[in-house]
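For reference, positions follow the sequence shown, starting with 1.
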Amino acid sequence: MIDLHMPAGRLAGLRWAISPVGELAAALVAVSEAPKASRRHRHIRTLLSSGHLPTLAAVASGYTTYLPELLTPAPRTFLPTVEDQLHAVATTPASTVGTQFTAFLTGGQARSSRCPWLRGGQLTRADERVRPRIEVGESELRERLACELHWLWSKAIAPHWPQITAGFEGFVERHGAVAAREGLGSALAAMHSSLLWKDGALKVASDSDGEVGGDYPVTLIPSLFLDRVGLHAPLLSGEAQLAIPIAASGHAVPHTAPVLGATRLAILHSLVESRTTTALATLHHLAPATVSFHLSRLLAADLVERKRDGRHVYYRHTARARIILRPALLTTPPSDLPNP
């Protein structure tokens, strides 16, 4: 568990922003981590293996737990242009480029100083086959990265960016509504099932244990590619970001019944209180096996949670489900990007 401390100063500066280059970085992480590739992951992998992106392909191949912070430039406005963020990448101070890629390639103390909660195998050196493709002068490396990110953007994301942006804005608006109705703590916990608000901290479920202190602001970044919550530059004042995957939200749309199906929607509505599979089957006049099938899909979508009490397993809808069941404010994008 990683505790992101939320003192008054940090809460006061908490805001949402959309990050074009951050979404490219999320794509690199996603293709490195995803055991099963969706269509959008396969498309990114195809582009990385095209020969046009040798440096980014090396980064994706060498990624384990730490991504150099220059690849996730902090958005200075709610919706910065990709050109502004690529300029930030291309003009990163050479000494900063060197420090970050030393941590990326060598691991050890260089990496743990940037992410103190990493342990053991998370601090190992990058694959030796990766190093020759990255070990160039810092100025050349940052320029290569900016150029390759621009090419990847133009092929993978730019054609769909208006649709993606609309989805991000809808996601932000819905969580803003939760904050207004239920309080900021509930809104933060509702962003993802791996998040918990407790004792003045936002707790992020993780295989590692650590804390992110300080009172400098953190920017919340919605992400289509990530499947888990990501911490970007968490120890850097003015750069800290918390990336929130929107895919687990089910991409709420104005009419939820056609998306969930009438039966699953009815089951979801009835889980305002905890119920067993047997109770749900009786309530909805369905076979227990049918209810179990629908619950498995709702669990996969992070819309219900389960808790065992002795011999019984109880299901209840999640905070995310409450967002889904409300009328959506904006239409969100499809779960897979079409190939350009």
Side-chain angles (χ1 to χ4, degrees), residues 19-33 43-76 80-115 118 122-158 161 221 225 230-241 243 340:
S19 178
V21 172
E23 193 60 13
L24 292 171
L28 297 179
V29 171
V31 299
S32 300
E33 294 182 341
H43 183 49
I44 296 295
R45 283 177 177 155
T46 298
L47 294 173
L48 288 173
S49 61
S50 68
H52 293 283
L53 305 170
T55 313
L56 290 181
V59 170
S61 176
Y63 173 79
T64 52
T65 54
Y66 166 75
L67 193 71
E69 292 90 344
L70 69 93
L71 294 173
T72 54
R76 302 307 177 190
T81 66
V82 68
E83 290 80 11
D84 284 344
Q85 289 201 303
L86 289 174
H87 177 73
V89 174
T91 58
T92 303
S95 59
T96 301
V97 177
T99 299
Q100 293 180 11
F101 272 90
T102 295
F104 179 79
L105 291 170
T106 65
Q109 179 60 35
R111 191 180 300 166
S112 67
S113 66
R114 311 191 79 80
C115 302
L118 297 181
Q122 299 171 320
L123 299 173
T124 56
R125 299 171 66 90
D127 190 313
E128 289 298 324
R129 292 171 293 182
V130 171
R131 300 174 69 90
R133 291 182 282 171
I134 292 179
E135 286 188 326
V136 297
E138 289 87 349
S139 297
E140 181 181 350
L141 178 56
R142 67 189 180 186
E143 290 169 7
R144 279 191 193 179
L145 289 168
C147 289
E148 292 183 22
L149 285 167
H150 184 268
W151 191 89
L152 181 60
W153 167 265
S154 67
K155 300 298 182 182
I157 295 184
W161 190 237
I221 310 289
F225 276 94
L231 281 167
H232 298 162
L235 303 183
L236 301 181
S237 178
E239 304 291 325
Q241 303 160 58

> Please confirm whether the backbone N or O of Gln100 pairs with a side-chain atom of Arg114, one donor and one acceptor, at under 3.5 Å?
no

> Compare every heavy atom of Ala94 with every heavy atom of Ser139, then report the nearest pair and how far apart it is.
OG-CB, 4.4 Å

> Between OG1 of Thr96 and CG of Leu236, what distance do you get to the nearest 0.5 Å?
9.0 Å

> For the atom pair CG (Leu70) and CD (Glu239), what is the distance rounded to the nearest 0.5 Å?
10.0 Å

> Does any N or O in the side chain of Gln85 come within less than 3.5 Å of the main-chain N or O of Pro73, such that one atom is a donor and the other an acceptor?
yes

> Taking NZ, NE, NH1 and NH2 as the nitrogens, is one of them in Arg133 or Glu128 under 4.0 Å from a carboxylate oxygen of the other?
no

> Please report the closest heavy-atom contact between Arg131 and Thr106, naming both atoms and the distance.
NH1-CG2, 4.2 Å

> Working to the nearest 0.5 Å, report the span between OH of Tyr63 and CD of Glu33.
4.5 Å

> Give me the one residue out of Val59, Val21, Thr92 that meets side-chain contact (heavy atoms from CB on, under 4.5 Å) with Leu71.
Val59

> Can you check whether Ala103's main-chain N or O pairs, donor with acceptor, with Arg111's side chain at less than 3.5 Å?
yes

> For Glu148 and His52, work out which heavy atoms get closest and say how close.
CG-O, 4.0 Å

> Rounded to the nearest 0.5 Å, how far apart are CG of Leu149 and CD1 of Ile157?
10.0 Å

> Shortest non-hydrogen contact from Ala233 to Glu69?
CB-CG, 3.5 Å

> For residues Thr65 and Leu118, report the shortest heavy-atom separation together with the two atoms involved.
OG1-CD1, 3.5 Å

> Under a 3.5 Å distance rule, please check whether Arg125 uses its side chain to pair with a backbone N or O of Leu105 as donor and acceptor.
no

> Which distance, rounded to the nearest 0.5 Å, do you find between the CG of Leu231 and the CG of Leu67?
13.0 Å

> Check whether Ser61 reaches the backbone of Ala58 with its side chain - one donor and one acceptor, N or O, closer than 3.5 Å.
no

> Please determine which of Ile44, Leu47, Leu53 meets the side-chain contact (heavy atoms from CB on, under 4.5 Å) test together with Lys155.
Leu47

> If I compare all heavy atoms of Phe104 with all of Gly62, which pair ends up nearest, and what's the gap?
CZ-C, 3.6 Å

> When you measure from the side chain of Ser32 to the backbone of Leu28, do you find a donor-acceptor pair of N or O atoms at a distance under 3.5 Å?
yes

> Within the side chain of Gln241, is there an N or O that forms a donor-acceptor pair under 3.5 Å with the backbone of Ile221?
no

> In Å and rounded to the nearest 0.5 Å, what is the NE2 to CG distance from His43 to Leu48?
10.5 Å

